[in-house]
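Taking it in order: structure first as structure tokens, then the write-up.
Below, chain A is the first sequence line, B the second, and so on; all start at residue 1. Please read all numbers here as calculations on a predicted model, not as lab measurements.
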Amino acid sequence: MDYQFKDIEQKWQQFWADNQTFKAEDKTTKPKYYVLDMFPYPSGAGLHVGHPLGYIASDIFARYKRLKGFNVLHPMGYDSFGLPAEQYAIQTGQHPAVTTEDNIATYRRQLDQIGFSFDWSREVRTSSPDYYKWTQWIFMQLFNSWYNRAADKAESITKLVEHFEKNGSAGVNAVCDEDILSFTADEWKAMSPNTQQEELLKYRLTYLRESTVNWCPALGTVLANDEVKDGFSERGGYPVEQKKMMQWSMRITAYAERLLQGLDTIDWPEPLKEMQRNWIGKSIGASVRFPIEKPAHNLELNAHYIEVFTTRVDTIFGTTFLVIAPEHELVTELTTPGQKADIEAYIAQTKKKSELDRMADAKTVSGTFTGSYVLNPLNNELVPIYIADYVLAGYGTGAVMGVPSGDQRDYLFAKHSNLNIIPILDTQNITTEADPTKEGKYINSDFINGLTYKEATAAVIAKLEEIEAGKAKVNFRMRDAIFGRQRYWGEPVPVYFKEGLPHLISESDLPLLLPEVDKYLPTESGEPPLARAEGWKHPDGEYELSTMPGWAGSSFYWYRYMDAHNDKEFASKEAIAYWKDVDLYIGGSEHATGHLLYSRFWNKFLKDIDLVIEEEPFKKLINQGMIQGRSNFVYRLIDEEGRGTNTFVSHGLIGQYKTSPLHVDVNMVENEVLNINKFKAWREEYKNAEFILENGKYICGVEIEKMSKSKFNVVNPDDLIARYGADTLRMYEMFLGPLEQSKPWNTNGIEGVFKFLRKFWRLFHNDAWVFTLSDAEPTKAELKSLHKIIRKVEEDIERFSFNTSVSSFMIAINELTDLKCNNRRVLQDLVITLSAYAPHICEELWVMLGNEAGTLSYAAYPKFNPAYLVEDEFAYPISINGKTKMNLNISLSLEPKEIEEFVLANADVKKYLDGKQPKKVIVVKGRIVNMVV
RNA sequence: GCUCAGAUGGUGGAACUGGUAGACACGCAGGACUUAAAAUCCUGUUCCCGUUAAAGGAGUGCGGGUUCGAUUCCCGCUCUGAGUACCA
């Protein structure tokens, strides 16, 4: 029979499901290997050809590892809480759980027909109560923990309470809020329970904090920074404003240093590590306190100094002014009556500008004098205090020392405000701009004059510490993560409020189920949708009304797969001890600073409290490239009045007409030629469309864009599978190019892969399509082809070069076809080798070869034998001055000296040398002969 | 602006540690089979010059360098993509 991919693929997908072929074992002597894909959000649009790219790669890898004798865990699930289902609910009233269920069914059907070897018995859904029970449980552990800097790990809050009871707050070195109290043990014990709780909240790893958030009134929710684009919500495009709210936060900053250090221990793409490093944004410098000069208006001040952070403390003698952010808490106090009007006007103007304007407007310099002064702590010079919006309240201390000779922004500000610019290094050139050099010797700098950068930095810090005006300090850009959304479709926070204080619900009450509501919108008074839930009340107080953010459920899911049905723990100790961590993680780089950072954070926390073993969750990570869409356009002719007509101009002729481009469905276009009949049938309005053709064809325009429904450039895997089968699709997606590279989708080459599989099938059959094999000894040539591909696939998979092994398979099949090979032993090994890529056809042939159904996935990968590839001759390229002129077959047993003699004696070589004696002959054994003339 | 990645035929791409540039596939051209089409098979296909299938020459974004030899290493630049940004 000819290659009937439809029957074969359906048959084996059914078989795998019925027999749970890919169920991973928890008790086995085999070594473990954990291959994980980033689980998808099940959107309503279903899968397009870009989605499975990473899944196919990981599936090939998982299947390959099984053949190599590993116990492979390769699970799949759904990150099923999220905004789209909720938006749909708001519009239609359909419960997000129903929408999600439908979408998952579509995803599952599409995934199944690609033939993945997932262990579906471990499926997880973040929106299912038996899953989010554990998300809530981990939240509770975070609430019950604090970060002990002395131990450099998270510890139980009860340990902190014990310390307070014994020693008061003395000797506690915690990552915590800034406004913690100092108290003795007796004072602690004298506090009311509520006061104690209030104090403890400042230490907990998840805590309440007033934060400025991106509030979107139209969506009725808070958005993350990456959900806001240009001041509008990414989804829906509604305006977003800044608003202060009490929010749950996660003290991820406690882990900043460990998150940074850990990057050096994991095998991740360098660009992605770099993104995380930038995000964490460690900078090493010093904090310096500038004492405030008693102001002219003679009022009593609460503050006595302004603290700044600087990475160039060595430049302190170049300070000619101080700048604080307009939002800085001391602004009002520092403003003298004479400057009050100016300052208020400036603040008002700043407020009007959105965050984005402020960034885009980086070139314009502005700022206003407060009227007050500080003293330079090292030389007591009077330094004026300004406010300016180039200083950000949210970074460092919200105040900087202005050193115009060394910092370009300070330079511009000094020019703008007519302030002094003092050179501080003898090498500095500051005639037109600041010079941030560290070379040279210091000048105008008191006791560091003549020193080098390194010496000066050390000397200044030593002096500042001596006079208690500053110290060396490390600053991080990363902020604590807000952990709450005012929306419905997420995990309820397992907390109730009593007398204004948060309390955890009892562990036995988990999961705290998401209640039913009549509408999915915020209440009229602006409370989150959960406020609509009738009778949803804790016996002792009011439940928290916000839900957890999207990243909560995905921050530990890889552990849940290890023991997906455990209702006592999120995963058992034994399961975690066996599976430990993810060996290979494949997913998109868009999660670089979100999911991949939060997951590392939670993992480190779970390790601190001894629930997991590894410090890092994902040992090796690969980012698959984005598959872009290839949009096609038709060009509508515009008439003299500027109105669109029903005539369309072919792409090559649009220069001669006035036209406007329109997206056209890519499924009506083949090789840029529009199928005119399909186009006319596409929409009623095009029924009578007319065309201006070139060479009798309508040629469409092309552009590379994101794949999206609205651009009509979505290529659906279902159509391709119907036409060519899953094995072809799998191999073609790999054949497209390197996995990590982004590329536009193009179906043009898929025929080549399909032909390849048919050719492979034909090897096992005679001309009449009857399965016919020979049991003879394999020939030398057959074994050579086979072992070449055995080695190649091994090498390629280990370095994730899937595209090159597909090419090599084609070469092997071409060679074996030429050899008319139908040798059972050769072909059986070939079936195993190819099975990771094209599992269905291989399963079918495996059974036809007389093997037991379903055993292929656990067969042994053929052992490579180098003996079959040994050559005794090599066609040496003979080059003259580096240009290849000819090839000569020379025995590989010859040594370089003998090769040189042999080559020089050759008649053709003599002809090329034209009687001349080469100056030098380079012979690299087994590679090349080069003669220098 | 900064950081990172990349640039190879008409197209997707290959060349792993410097050693025959263009594997494999698409497309295209020609041919075989066929009444015809589809399917299949065969041949050719980097460019220029040119011929009987010769012989040359150029060539991996651009300009230099190191080397017997560079797509690969070094320096400078151009362009493309991604991330990020008054971060003190």
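With RNA chain B read from its 5' end, the first of the two nearest nucleotides for K920(A) and G398(A) is the one closest to K920(A). Comparing R312(A) and T593(A) by the nucleotide of RNA chain B that holds the closest heavy atom to each, the one mapping nearer the 5' end is T593(A).
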Taking Watson-Crick and G-U wobble contacts under 3.5 angstrom, with | marking pairs to another strand and [ ] crossing pairs, the secondary structure of RNA chain B is written (((((((..(((......[....)))((((((.......))))))(((.......)))..(((((..]....))))))))))))....
Which pairs, protein N/O on one side and nucleotides 46-50 of chain B N/O on the other, fall under 3.5 Å?
none

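Here Q741(A) lies in heavy-atom contact (under 4.0 Å) with sugar-phosphate atoms only. K282(A) comes within contact range of no nucleotide atom at all, as no heavy-atom separation falls under 4.0 Å. Looking at heavy-atom distances under 4.0 Å, P738(A) makes contact with sugar-phosphate atoms alone, never a base.
Glycosidic torsion of G27(B) falls outside 90° of 0, placing the base in anti.
Annotation for E329(A): atom CD does not count as buried by contact number, only 12 or fewer foreign heavy atoms lying within 6.0 Å.
Relative to the ring axis of Y390(A), R409(A) does not place its NZ or CZ within 45° and under 6.0 Å from the centre.
Taking Y876(A) as the reference, F874(A) meet the ring-ring contact (aromatic ring centres under 6.0 Å, His included) condition, with sequence neighbours excluded. Annotation: side chain to side chain contact (heavy atoms under 4.5 Å, CB included) contacts of S417(A) (sequence neighbours excluded): Y386(A), F413(A), L419(A).
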Show me, pair by pair, the donor-acceptor contacts under 3.5 angstrom made by side chains of residues 728-740 of chain A, not counting sequence neighbours?
unit_1  : atom_1 : unit_2  : atom_2 : d
T728(A) : OG1    : Y724(A) : O      : 3.1
R730(A) : NE     : Y837(A) : O      : 2.9
R730(A) : NH1    : D59(A)  : OD2    : 3.0
R730(A) : NH1    : I114(A) : O      : 3.3
R730(A) : NH1    : G115(A) : O      : 3.0
R730(A) : NH2    : D59(A)  : OD2    : 2.8
R730(A) : NH2    : A836(A) : O      : 3.0
Y732(A) : OH     : N746(A) : O      : 2.4
Y732(A) : OH     : G749(A) : N      : 3.3

For nucleotides 19-26 of chain B, give me one character per nucleotide, 5' to 3': B if any protein heavy atom sits under 4.0 Å from the base, S if the only such contacts are to the sugar-phosphate, - if neither. BBS-BBSS
